[in-house]
Amino acid sequence: MTTPEFDLPPHFRFGMATAAIQIEGATRADGRGVSIWDTFAAQPGRIHNGDSLDIATDHYHRYRADIADLRDCGVDDYRFSIAWPRVVPQGRGEVNPKGLDFYDRLVDGLLEAGIRPVPTLYHWDLPQPLQDEGGWLARATAEAFAEYARVVADKLGDRVRDWLTLNEMNVHTLYGHVLADHAPALDLGLAAFPAAHYQLLAHGLAVRELRAAGDFRIGVVGQHYPVIPASDEAADVEAADTFAALTNWTFADPILLGHYPAEEIAALVAGTAGLSAEQLAADLEIIAAPLDFYGVNYYEPVRIEARREGKDYSGVLEVDIPADMPFAPVPFEDGPRTDFGWTISPSGFEDILNQMRERYPHLPPVVITESGASFHDEPGPDGAIHDTRRIDYLHSHIDAVAKAIANGVDVRGYYVWSALDNFEWAAGYEQRFGLVHVDWTTLERTRKDSWHWYRDAIAAHRDRSSSLTQA
Ligand code: IFM
């Protein structure tokens, strides 16, 4: 393995990311409440292979070993999420001290290891009692989120400075509310717009609470991708623009520009949520609160065509877009893919970062809060995991970030998704995104070749940076 060298600024930060439901397990321990994912996963046929999230990687009990893997790799930052149902089991009201204590121990362990904790307050695990009262379709959920944010900040804010509010509101809205592939499986089509708006409002209200609670650096996480029209035909170009507006910009524009990307979308939001023009404007003011950084998750570009009359799109991609939508995702014709079937395109990464710089004149510094790939490599006869495809993937994607920086995008850090193999939502445990392999029978952890490569990349960057800053 050659030592990786990247042309990145001296203070560029390297990290890894995870999320509570995907790693913690211990779903009934220490007073944790039920989340929408517990409910969803218990329904037959929802999760690939019927996999359960009750144990996951058992990080709740093995977090010390997981911190040691992070420390030995030399990461600067660790992004994890806090499980709302662990901290406030009913979603609002009574706080569960034992739940908070877990994150207290985790934060202390990270700081002792010299790692900056970067918690995300919401990574899709809504407390079930709030779902029963309307979930993200209800304004009250946004208000409950702000209360919960304050509880967590009051407990951890003496040691945590960097906060992320919500993860990938666009994916949560699309898969869980427009469609039924994820919890809470509402299948609402365009009637799901309130879920977008109230998550955005939850973000804005939480920023306000966090600002009142301490001198913090606050960000939010969006999954973003370039949307490529399937041809130069006007109908395909228009379909791609509509798709990008609905899935990228509906979630980023309100935060970064203070408005929805089109009048029609604002009208849909107001109509489905029952908001007057004045209420919508007041909410947007809260949503557009200034941020200290913006988290971008990138995986793959999306190719879109105008829906062709009579063409069967079912099963073309893992998501079936409802037939009444004017667009349809279609696969890229060739090119490399991950073992999850996702298109590998580092140039798409560069493109979306450049697009964001152009679209948002006041884009705050960007942190790549997730980037990574599922490859199914298992231990070989030597016991090691030679995941060279992940190394190539990471190499090319970090290079893409370096190119975007050279092009003027202010990117400050890169976090690999994920620190260890984990529960990949409806796809269960078959997909392996980790730098550390988890044996799903014994839960034994093994550092993959990519983990060693990442450690060397971080060390090489530090050496290079100290020689640059000394010169
Ligand atoms: O595993 C997910 C994560 O929870 C959110 N971003 C995308 C990852 C890969 O699908």
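Ligands are counted one by one from 1 in listed order, and the atoms in each one are counted from 1 as well. The residues of the chain are indexed from 1 along the displayed sequence. These figures come from a predicted structure and were not determined experimentally.
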Distance-only polar pair, side chains of [X] and [Y], donor-acceptor under 3.5 Å:
X	Y	answer
Y122	H172	yes
T18	R79	no
S35	D38	yes
Y60	D30	yes
E209	Y148	no

Under 4.0 Å to a heavy atom of [X] - the qualifying atoms of ligand 1, by number:
X	answer
F433	9 (C)
H123	3 (C), 4 (O), 5 (C)
Y299	6 (N), 7 (C), 8 (C), 9 (C)

Quiz item: cation-pi between R359 and W249, 6.0 Å / 45°: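 Yes; both conditions hold, so R359 lies above the ring face of W249.
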Tell me whether [X] reaches ligand 1 (any heavy atom closer than 4.0 angstrom to a ligand atom).
X	answer
F423	no
F340	no
Q431	no

Ion pair E300/R337, N-O distance below 4.0 Å: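 The answer is no: the pair does not qualify as a salt bridge.
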What do you reckon, does [X] have a nitrogen or oxygen under 3.5 Å from a nitrogen or oxygen of ligand 1?
X	answer
E168	yes
W342	no
N167	no
N297	no

Heavy-atom nearest neighbour in the protein, as seen from atom 6 (N) of ligand 1, with distance rounded to 0.1 Å: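 Minimum-distance protein heavy atom for atom 6 (N) of ligand 1 reads E370 OE1, 2.5 Å.
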Nearest protein heavy-atom contact for atom 10 (O) of ligand 1: which residue, which atom, what distance?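 Here the closest protein heavy atom is E424 OE2, 2.6 Å.
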For the pair Y299 and T343, evaluate side-chain contact (heavy atoms from CB on, under 4.5 Å) and give the outcome as yes or no after the intermediate values. CA-CA 8 Å; Y299 288 91; T343 301; over 6 Å; no
